[in-house]
Amino acid sequence: MPKLRLPIPFGAAALAVAFALLLPHAAAQAQENDTLAKIKASGAITFGYRESSFGFSYLDGNLKPVGYSIEICNRIVEAVKTELKLPAVEIKYQAVTSANRIPLVQNGTVDIECGSTTNLVERQKQVAFSPDIFRYNVRMLVKADSGIRSIADLQGKTVATTTGTTSFRLLREADKGRNLEVNNLGGKDHSDSFLLVESGRAQAFVLDDILLAGQIANARNPKDFIITGESLRTENQSLMLRKDDPAFKALVDRVVSGMMKSGEMEKLYNKWFMSPIPPKGININYPLNAETKEAFANPSSKGI
């Protein structure tokens, strides 16, 4: 006797078809967020790097990305090789800016951003972060003979900030009702913003003091510039990675925290911020501050 086939109600059939169509998409999405699986399949990882975050992530004389953040990412790759039992992992490089770094991590172009990005709670809605690798104060760079020494002195002046950073917003928040009137001029990267001050188009450049110190150290005439003014905020730099990827974040956190506890991170810090570095053998000469010592003693990626 032939088996009786009962008709599937239209609604149930439509639901089954829709579910079947969604499965490949869900699997693809999971694959996109699984950085370790992506690395294993491709044999490669892509670093996002900055071209002019001197000391952290920048180009040396051979146009190769180098710096403190790059070296930390290199340690992470070694751990990835061990985790995945791979003899080698190819490192590819993708230049990023303050404006495009988050989208390039989100869309999978960059697997880990090895730059100079602030870990903000608001950014954690889009991406994830390693434990803080550096903490610093947001201040301003001016010409030494400008007479500018405080936020109040910026009245009527032009202030350079790098597009995509929080610097100008912090300046506005620090104004606290004094009705400070300033013009904002955006640079495409930190070197471009510094050039605005050097050329006289802007009177101040607001940014993380360590990055400002790197720009001064690399200037033609470093003594012509100073870092001054009140701290607008103490911020924290971290490596940036994709959100909702717990396995990769756990590996990154393990490596970064381990480097801090072993003392390796402080040695790396001294190499890039207290010693001559390529391409010109310049020493940024920025001693380890109390905030960063705290970050090394108690690793955290909670953000601000």
Side-chain angles (χ1 to χ4, degrees), residues 35-36 39 45 47-50 53-58 60 64-86 88-89 91 93 111-119 128-138 208-214 217-218 227 231 234-241 246-304:
T35 303
L36 291 174
I39 295 169
I45 185 172
F47 289 0
Y49 73 92
R50 300 298 294 269
S53 289
F54 197 57
F56 287 96
S57 179
Y58 66 101
D60 68 8
K64 178 185 176 182
V66 295
Y68 175 69
S69 301
I70 297 290
E71 284 216 47
I72 298 170
C73 285
N74 286 336
R75 302 293 195 281
I76 290 167
V77 172
E78 291 303 311
V80 168
K81 286 161 59 177
T82 301
E83 178 88 6
L84 300 179
K85 298 180 173 60
L86 292 174
V89 170
I91 299 175
Y93 297 97
D111 295 313
I112 183 166
E113 192 241 4
C114 316
S116 54
T117 295
T118 304
N119 177 4
F129 292 92
S130 73
D132 301 341
I133 62 171
F134 198 98
R135 291 180 183 161
Y136 53 87
N137 292 295
V138 179
D208 319 342
D209 57 3
I210 176 59
L211 294 176
L212 295 177
N218 213 31
I227 297 169
S231 171
T234 298
E235 293 194 338
N236 45 358
Q237 284 183 6
S238 305
L239 308 174
M240 185 166 57
L241 45 146
F248 188 54
K249 176 163 170 53
L251 184 147
V252 169
D253 288 0
R254 185 172 73 247
V255 172
V256 172
S257 298
M259 291 175 69
M260 291 172 177
K261 291 174 182 176
S262 71
E264 183 183 3
M265 194 71 83
E266 186 167 347
K267 290 179 182 176
L268 207 58
Y269 178 98
N270 288 332
K271 173 182 175 179
W272 289 100
F273 301 108
M274 292 297 295
S275 307
I277 59 176
K280 301 177 183 177
I282 290 168
N283 187 344
I284 296 175
N285 194 25
Y286 188 99
L288 190 67
N289 59 29
E291 293 88 350
T292 303
K293 286 180 182 177
E294 164 64 19
F296 289 178
N298 300 289
S300 171
S301 58
K302 67 180 182 179
I304 57 173

CG/Asn119 to CD/Gln237 distance, rounded to the nearest 0.5 angstrom?
-> 10.5 Å
From Glu71 CD over to Glu264 CD, what is the distance, rounded to the nearest 0.5 angstrom?
-> 9.0 Å
Go through the steps to decide whether Val77 and Phe47 satisfy the test side-chain contact (heavy atoms from CB on, under 4.5 Å), and finish with yes or no.
-> CA-CA 10 Å; Val77 172; Phe47 289 0; 3.5 Å; yes
Under 3.5 Å, side chain of Thr292 to main-chain N/O of Leu288, donor-acceptor pair present?
-> no
Looking only at atom types and distance, does a side-chain atom of Asp60 sit under 3.5 Å from a main-chain N or O of Lys64, one as donor and one as acceptor?
-> yes
Mind listing the closest non-hydrogen atom pair of Gly55 and Ile277 along with its distance?
-> CA-CD1, 4.1 Å
Provide the closest heavy-atom pair for Ser238 versus Asp132 in the form atom of the first, atom of the second, distance.
-> OG-OD1, 3.1 Å
Exercise: identify the closest heavy-atom pair between Ile133 and Met260 = CA-CE, 4.1 Å
Give, for atom CG of Leu36 and atom CG of Leu84, the distance between the pair rounded to the nearest 0.5 Å.
-> 5.5 Å
How about Phe54 and Ser116: do any of their side-chain heavy atoms sit closer than 4.5 Å?
-> no
Is Ser57 reaching over with its side chain to a backbone N or O of Tyr49, donor-acceptor style, under 3.5 angstrom?
-> no
Should the pair Tyr269 and Phe134 be assigned to parallel (<30°), tilted (30 to 60°) or perpendicular (>60°) ring geometry?
-> parallel
When rounded to the nearest 0.5 angstrom, what distance separates CZ in Phe129 from NZ in Lys302?
-> 15.0 Å
Output for pair (Asn289 CG, Asn137 CG), nearest 0.5 Å, gives 7.0 Å
Note, Glu83 side chain near Arg254 side chain (heavy atom, < 4.5 Å) | yes
Note, Arg75 side chain near Val256 side chain (heavy atom, < 4.5 Å) = no
Closest non-hydrogen atom pair between Thr234 and Ser231, with its separation = N-OG, 4.2 Å
Under 3.5 Å: donor-acceptor pair, side chain of Asn283, backbone of Asn285 = yes
From Trp272 CH2 over to Ile70 CD1, what is the distance, rounded to the nearest 0.5 angstrom?
-> 9.0 Å
Closest approach of Leu241 and Phe248, non-hydrogen atoms and distance?
-> CD1-CD2, 3.9 Å
Side-chain contact test, heavy atoms from C-beta onward, threshold under 4.5 Å: evaluate it for Asp253 versus Pro299 and give yes or no.
-> no
Minimum side-chain heavy-atom gap Arg50-Leu211 below 4.5 Å | no
Any side-chain heavy atom of Asn74 within less than 4.5 Å of one from Ile91?
-> yes
Do the side chains of Leu239 and Ser69 get nearer than 4.5 Å, heavy atoms only?
-> yes
So, are Lys81 and Glu78 salt-bridged, with charged N and O less than 4.0 Å apart?
-> yes
Measure across Ser257 and Pro131 and return the closest heavy-atom pair with its distance rounded to 0.1 Å.
-> OG-CG, 3.9 Å
Working for side chain to side chain donor-acceptor pair (under 3.5 Å), residues Tyr136 and Glu235 = CA-CA 6 Å; Tyr136 53 87; Glu235 293 194 338; 3.2 Å; yes
Tyr68 side chain reached by Ser53 side chain, heavy atoms, under 4.5 Å | no
Of Thr35, Ile45, Val80, which meets side-chain contact (heavy atoms from CB on, under 4.5 Å) against Ile112?
-> Ile45
Phe273/Phe56 aromatic ring centres below 6.0 Å | yes
